[in-house]
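Take a look at the structure below.
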Amino acid sequence: MSQAEADDSVAWAAAQEANTRNNRRARLARVGLPFLLFVLLIAGWHFLVVINEIPAYILPGPGTVLTTLIKDWPILSQSMINTLAITGLALVVATLGGVGLAILFSQSRLVEYSLFPYAVVLQVTPVVAVFPLINIYVENTVAKLLICAWIIAFFPILSNTTLGLNSADRNLHNLFALYGASRWQTLRHLQLPAAMPYFLGGLRIAGGLSLVGAVVAEFVAGTAGFGSGLAFRIIEAGYRLNIPRMFAAIILISVAGIMIYLVLSLVSHLILRKWHESALDREK
Amino acid sequence: MSQAEADDSVAWAAAQEANTRNNRRARLARVGLPFLLFVLLIAGWHFLVVINEIPAYILPGPGTVLTTLIKDWPILSQSMINTLAITGLALVVATLGGVGLAILFSQSRLVEYSLFPYAVVLQVTPVVAVFPLINIYVENTVAKLLICAWIIAFFPILSNTTLGLNSADRNLHNLFALYGASRWQTLRHLQLPAAMPYFLGGLRIAGGLSLVGAVVAEFVAGTAGFGSGLAFRIIEAGYRLNIPRMFAAIILISVAGIMIYLVLSLVSHLILRKWHESALDREK
Amino acid sequence: MIRTAAASADRASESAVALRGVTKTFPGGVTAVRHVDLDVRQGEFLSLLGPSGCGKSTVLRMVAGLASPSSGQILHPHDAKARDVGFVFQEPTLMPWASAFSNVWLPLRLKGVSKRAAEARVMSALEGVGLADFAHSYPRELSGGMRMRVSLARALVTEPSLLLLDEPFAALDEITRFKLNNDLLELWQRHGFTVVFVTHSVFESVYLSSRIAVMAARPGRILRTLSIDEPYPRQDAFRTSEAYAGFCRETSDALAQAMAADAVA
Amino acid sequence: MIRTAAASADRASESAVALRGVTKTFPGGVTAVRHVDLDVRQGEFLSLLGPSGCGKSTVLRMVAGLASPSSGQILHPHDAKARDVGFVFQEPTLMPWASAFSNVWLPLRLKGVSKRAAEARVMSALEGVGLADFAHSYPRELSGGMRMRVSLARALVTEPSLLLLDEPFAALDEITRFKLNNDLLELWQRHGFTVVFVTHSVFESVYLSSRIAVMAARPGRILRTLSIDEPYPRQDAFRTSEAYAGFCRETSDALAQAMAADAVA
Amino acid sequence: QEQVSFGTNWLPQAEHGGYYQAVADGTYEDCGLEVTILPGGPQVNNRALLLAGKIQFHMGGNLIQAFSAIEQDIPLKVVAAHFQKEPQVLMTHPDQGLDTWESLKDIKLLMGDNGFQSYYQWMIAAYGFSADQREPYTFNPAPFVANPRVGQQGYVTSEPYAIEQVGGFVPNIFLLADYGFDTYATTVEVMTETIEENPEAVQCFVDGSAIGWTNYLYGDPSAGDELILAANPEMTPEQLAFSREKMREYGIVDSGDSLELGIGAMTEERYNSFYEKMVDAGVVPDGLDVDSSYTLEFVNKGVGLDLRKSLTGE
Ligand SMILES: Nc1ncnc2c1ncn2[C@@H]1O[C@H](COP(=O)(O)OP(=O)(O)OP(=O)(O)O)[C@@H](O)[C@H]1O
Ligand SMILES: Nc1ncnc2c1ncn2[C@@H]1O[C@H](COP(=O)(O)OP(=O)(O)OP(=O)(O)O)[C@@H](O)[C@H]1O
Ligand SMILES: [Mg+2]
Ligand SMILES: [Mg+2]
């Protein structure tokens with residue numbers, strides 16, 4: 001190693017260290033502040049309940065909910081697993097369906113104009129209203145749940161991916177045309193990578209919606225033969241006025257939603273950090 | 001006008017004409033093909049019903065639904081207006097809320113990390129489950145409906161706009177920094193325009209969701225004192241086993257959804273056509 | 001020494017592409033070029049020289065078939081499909097999500113060449129533009145000139161039969177530029193492909209071209225065509241020769257005339 | 001006639017910006033510049049000259065405060081906030097959603113100048129770069145060189161006290177370029193602002209600058225600093241003078257040396 | 001053994017006890033049916049499955065929907081009515097001066113969609129209640145417990161127990177049947193096609209259910225309760241006991257005609273009088289062929305009367 005290179009290493013190491021220090025502080029803030037806010041909110045909730053003497057059957061305090069969560073953990077955790085299973089499947093199906101349709105639509109404006117309305121119809125049709133039809137023609141409970149959840153979750157992926165596929169740079173399109181790229185090659189090497197940021201944005205929306213879809217599907221379709229999920233717990237607990245348990249279930253749904261969002265954000269960051277503005281550090 | 005300019009005009013006019021011809025054919029295809037597909041689908045539906053002798057109380061044929069639609073138009077149209085009113089309001093509120101939050105989040109990663117989880121919580125919380133709480137603390141029916149619809153519709157706008165605000169070109173950011181632009185100026189003149197394509201994508205998703213939200217809100221919250229919307233008609237018709245009317249109402253919801261989507265697409269096209277890839281013509 | 005193109009029109013060289021009375025008017029109403037007649041001959045090194053905004057890029061894009069004329073014709077005597085073209089855009093136009101290597105690999109990849117099979121050629125193309133060390137860098141991590149060089153490597157890696165270059169060296173320092181000028185000429189002589197080269201540099205166009213089309217703006221048109229009758233191979237010595245200075249003066253005058261034409265048009 | 005900068009260091013001119021032992025290493029591990037010492041003196045016209053990828057843009061960004069050094073210091077004797085800077089990036093960096101007019105208006109707009117109040121200045125800036133007719137065009141509708149000129153107009157419209165230019169003329173033909181060279185010099189003399197000018201053209205740097213910092217690559221560093229002791233105003237005649245040729249030769253040698261240094265580093 | 005399904009209108013509970021009891025005891029199997037009970041729920045619509053022929057038997061809430069089916073030309077018939085009295089109640093808080101039927105007009109009433117579409121329409125027409133009073137009930141009684149000035153719907157056999165457990169008070173109860181809403185409830189609906197093609201199965205189901213109910217009410221309900229508890233883990237033995245007790249106390253299942261004709265009994269007079277009442281109230285249109293909405297072919301045969309006698313000793 002030459003002197004110059006050694007110097008560089010030192011400078012680099014120093015910079016690294018400064019960075020690490022900054023990063024550590026930033027990371028501390030990143031974890032610390034949200035945590036502080038969280039604690040404040042919980043405390044606020046607690047005192048709201050205590051000061052206004054709100055009874056547990058209207059709005060249980062955080063302590064009550066936590067106790068219930070621990071006490072009912074065996075039941076609730078099993079329900080959460082069931083709900084998460086449907087959510088995961090729904091997200092996979094929504095992704096495949098959404099991206100598949102988007103690719104189809106991107107092949108020609110005509111296809112897009114012809115089919116997009118039906119995608120919109122699927123998006124806006126109230127699941128509750130069409131469920132009886134699904135129920136008549138579909139036997140399998142899991143399939144029923146999946147269809148419901150899919151109807152709810154696929155649209156953001158479809159819409160965002162379509163937008164992304166249409167947003168690839170015109171000059172790059174020209175370049176591909178010049179090199180005689182096939183449709184498939186243009187899609188694979190140009191449009192799909194260019195659509196990534198949009199697709200991942202849609203995925204983050206769809207992650208939450210899959211969960212919503214799994215819950216709504218369960219509300220609507222029941223879970224006979226599959227094992228009851230969190231929606232069932234909520235209905236049942238609400239009916240029994242076991243409101244602390246209802247809140248415990250709602251909180252589990254929230255936690256699941258946040259976890260899904262974080263995982264998808266991480267995936268998104270890892271995919272985009274090399275090149276897309278939205279994933280680059282803001283520092284210089 | 002010089003000879004050269006006159007020539008140009010001729011060339012330009014010829015090009016125009018060729019364009020117009022192309023455009024006319026393209027426009028014909030754009031309208032014709034979707035229409036053809038629509039007719040085919042309706043015919044398919046009709047024959048499906050006729051050939052399998054599906055009774056009207058399971059799946060009414062298109063003719064039956066159309067007759068019902070015309071016969072019940074006075075009732076249904078009024079309900080549609082009520083639903084659209086809530087939808088419109090919800091979309092406005094979702095847009096304001098979504099964009100407002102996105103702007104807040106874009107001001108600092110810290111704020112984003114601290115608050116985004118709660119946005120996710122709102123997105124995933126089942127409206128049905130938290131409605132009793134809303135019902136206890138909110139008096140006004142319209143406000144109740146709006147809150148429900150907003151919870152359902154705001155997230156795509158928030159998520160996409162946040163992504164868009166973070167996707168502005170780094171060098172332009174640098175330029176703004178150099179010129180000492182305030183946060184507000186950077187937002188107003190750089191981030192918001194750069195976020196437009198993303199925001200409009202989110203808006204198109206939220207348009208449908210607002211409608212879904214309005215319908216779900218009505219399912220959950222009822223419409224006492226406001227006038228019944230399409231959801232009420234669906235429930236009522238379902239209860240009365242008046243399945244053709246139920247389908248007529250569902251079809252009105254679909255039509256409303258498509259109309260909302262078309263209007264938002266048009267708005268999007270008008271705003272972006274000058275500069276964004278997704279709105280440019282594909283031709284050379 | 002300089003003859004106008006008309007004098008050499010009876011030369012029996014075949015056309016690679018021919019523009020006949022081509023006019024291009026953009027939707028906004030701007031006429032980028034009007035009534036352009038241009039024969040790109042098989043195997044020649046043709047430069048398009050002209051002031052900024054005179055329609056050089058537009059002509060080049062039409063030659064490539066990336067834009068279609070509003071009126072007039074573009075003739076491709078050879079099967080347009082069979083032609084393989086290399087194109088360097090005025091902007092680097094790299095895929096931001098791919099490394100320099102992958103960007104250069106792209107044209108080969110589209111022809112079905114695997115990464116392993118392409119590796120040697122891609123690396124030698126990158127070597128040729130002095131970027132072998134940066135094969136794994138993303139475009140965002142490269143300087144402006146480096147990006148342009150990646151774009152050049154991408155155009156050269158397929159050894160195309162028609163090479164269209166839109167100011168490929170504008171962002172480069174003179175020494176790199178001279179080196180790349182020579183490399184390009186050498187390739188051209190070895191493989192005998194056709195080059196259409198857009199530039200705003202008189203010196204560069206004279207050094208490189210067998211023919212120069214001087215364009216004027218508003219509306220864009222070809223004002224004059226000059227043949228540079230200096231035998232190849234040309235080497236650095238040519239740059240300091242009397243002949244070179246003469247050609248440059250002549251070309252400069254033509255360009256000045258084009259600019260003046262602008263003013264009155 | 002050429003003196004190294006060291007000889008003139010005792011000149012009492014104030015620094016506008018000073019770099020002290022500045023090293024910039026990017027997260028990937030590439031060291032763009034190392035141990036750079038540079039004084040940008042108040043009111044001078046300083047060119048950064050060097051091969052592609054040697055760190056010119058990086059230095060310029062650090063001078064502007066757009067990047068921070070990994071080690072070393074950047075000193076701003078004057079209140080950094082009060083400074084008003086004009087910057088031309090290597091790419092046009094225009095807002096794609098705004099017309100040429102609005103793009104040029106931007107810096108004024110950010111200072112609170114209304115459209116009406118700004119109109120005269122914006123139009124004269126556009127006029128200065130020959131684009132008055134294209135005020136309402138969107139960047140997408142402009143040629144590469146025209147975009148760069150809009151960017152230049154935007155930097156000049158505020159009449160800044162520190163002007164940082166990153167190869168502003170690379171995409172322009174010689175005639176437009178010469179004209180803009182002269183316009184820039186004239187402005188500089190009239191307003192007495194400080195210019196840091198990145199270029200890869202020896203000729204341009206000699207014609208314009210009062211001082212040239214020649215950089216070498218890998219790692220980027222300043223190899224030599226040359227003063228061009230030719231009085232201003234310089235006019236086109238200077239381009240053909242003996243002195244000019246001498247400076248150019250000297251500078252070329254320095255650059256060649258820089259490139260050679262590269263090879264051994 | 002023939003396999004058939006019976007779709008209920010709610011989660012498994014004591015109000016479905018007779019059917020579960022019949023399944024548990026093998027009563028249906030004795031006459032050749034293997035019955036699967038398909039629970040309903042707040043948003044579940046099992047009637048659609050009946051219409052589509054996916055299930056053979058469906059539990060109807062009250063007779064209004066049976067009338068609607070006639071109105072819509074749907075070939076559906078009621079073959080038995082297992083609740084002689086509609087157990088639907090309205091509840092109010094005690095000590096609020098809300099002790100009379102008339103006083104219910106002054107407050108908001110939490111009510112589900114079904115209730116709003118059926119008996120509330122009758123309350124509006126017959127007693128002058130107003131549509132504006134209705135607030136949606138999402139099967140979560142918290143809003144009722146929280147606000148002493150609202151009323152809420154319920155089943156006399158269920159909600160009062162839950163309210164008492166959690167709210168700590170015994171609500172006032174207004175049994176709709178006492179105020180003239182004398183519909184049959186918990187009916188068995190069958191498609192006409194099934195009646196024509198497989199009358200044996202229908203007869204078996206009706207008879208088996210009558211015996212099941214007799215056993216559940218007057219014998220040892222533990223076998224039926226066990227099935228219910230297994231199918232609905234949230235159900236408690238206490239709640240089951242309470243519901244069963246109330247069904248007996250109010251004679252929900254077994255009173256009036258059924259004492260003579262057997263559980264499930266229906267009469268033409270009752271159908272006609274209820275229909276008239278609903279027509280007068282404007283809830284259903286005049287001129288329907290009410291007779292085609294039900295058939296007495298399978299009931300009123302005194303099935304289970306002996307069993308009851310042997311169980312109760314009366
Ligand atoms: N998409 C477009 N829409 C409208 N006008 C356009 C478009 N593209 C180019 N033009 C106009 O056409 C003219 C010629 O543009 P072109 O890019 O061909 O110039 P050029 O000779 O390549 O210039 P430069 O040397 O600056 O790159 C310009 O006046 C430009 O404004
Ligand atoms: N964001 C980045 N990440 C990593 N490396 C970078 C980054 N930006 C620049 N570099 C590296 O720093 C070095 C100097 O880049 P710089 O842009 O300053 O060069 P330059 O002198 O302006 O070249 P040119 O004349 O080609 O524009 C290059 O080797 C480049 O690869
Ligand atoms: Mg160009
Ligand atoms: Mg640079």
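Naming: A, B, ... by sequence-line order, numbering from 1 per chain.
- Residues B:L262 and A:V120 form no side-chain contact, since every pair of their non-hydrogen atoms from C-beta on lies 4.5 Å or further apart.
- Of all the heavy atoms in A:L163 and B:P197, the pair that sits closest is CD2-O, 3.6 Å.
- Your options are B:V212, B:I260, B:I251, and the one with the most heavy-atom pairs under 4.5 Å with chain A is B:V212.
- Between atom CD1 of residue B:I258 and atom CZ of residue A:F116 there is a gap of 11.5 Å, rounded to the nearest 0.5 Å.
- In this structure, B:T162 has no side chain to side chain donor-acceptor pair (under 3.5 Å) partners at least two apart in sequence or on a different chain.
- Only the side chain of A:S159 comes within less than 4.5 Å of a heavy atom in chain B; its backbone stays farther off.
- If you measure heavy-atom distances from A:I253 to chain B, the contacts under 4.5 Å come from both the backbone and the side chain.
- For B:A206, no part lies under 4.5 angstrom from a heavy atom of chain A.
- In this structure, the side chains of A:S254 and B:T125 come closer than 4.5 Å at one or more pairs of heavy atoms.
- Of the two parts of A:A249, neither the backbone nor the side chain holds a non-hydrogen atom closer than 4.5 Å to a non-hydrogen atom of chain B.
- For B:D169, the parts lying under 4.5 angstrom from a heavy atom of chain A are both the backbone and the side chain.
- In this structure, A:Y261 and B:F155 have perpendicular ring planes: the angle between them is above 60°, well past the 30° mark.
- Without hydrogens or angle criteria, B:Q123 side chain to A:I205 main chain gives a donor-acceptor distance under 3.5 Å.
- One distance of note links OG of B:S167 with OH of A:Y198; it measures 7.5 Å at 0.5 Å rounding.
- Most heavy-atom pairs under 4.5 Å with chain B: of the set A:L165, A:I250, A:V215, this distinction falls to A:I250.
- At a 4.5 Å heavy-atom cutoff, the contact between A:F38 and chain B is made by backbone and side-chain atoms alike.
- Contacts of A:P117 with chain B are made by both backbone and side-chain atoms, with heavy-atom separations under 4.5 Å.
- No other option in A:G208, A:G207, A:G257 has as many heavy-atom pairs under 4.5 Å with chain B as A:G208.
- With a 4.5 angstrom heavy-atom cutoff, A:L211 touches chain B only via side-chain atoms.
- Across all non-hydrogen atoms, the minimal contact from B:I58 to A:L133 is O-CD2, 4.0 Å.
- Only the side chain of A:I54 comes within contact range of chain B, with at least one heavy atom under 4.5 Å from a heavy atom of that chain.
- Closest of all the heavy-atom pairs between B:S114 and A:L37 is O-CD2, 3.7 Å.
- Both the backbone and the side chain of A:L33 come within less than 4.5 Å of a heavy atom in chain B.
- With a threshold of 4.5 angstrom between heavy atoms, A:L209 approaches chain B through its backbone and through its side chain.
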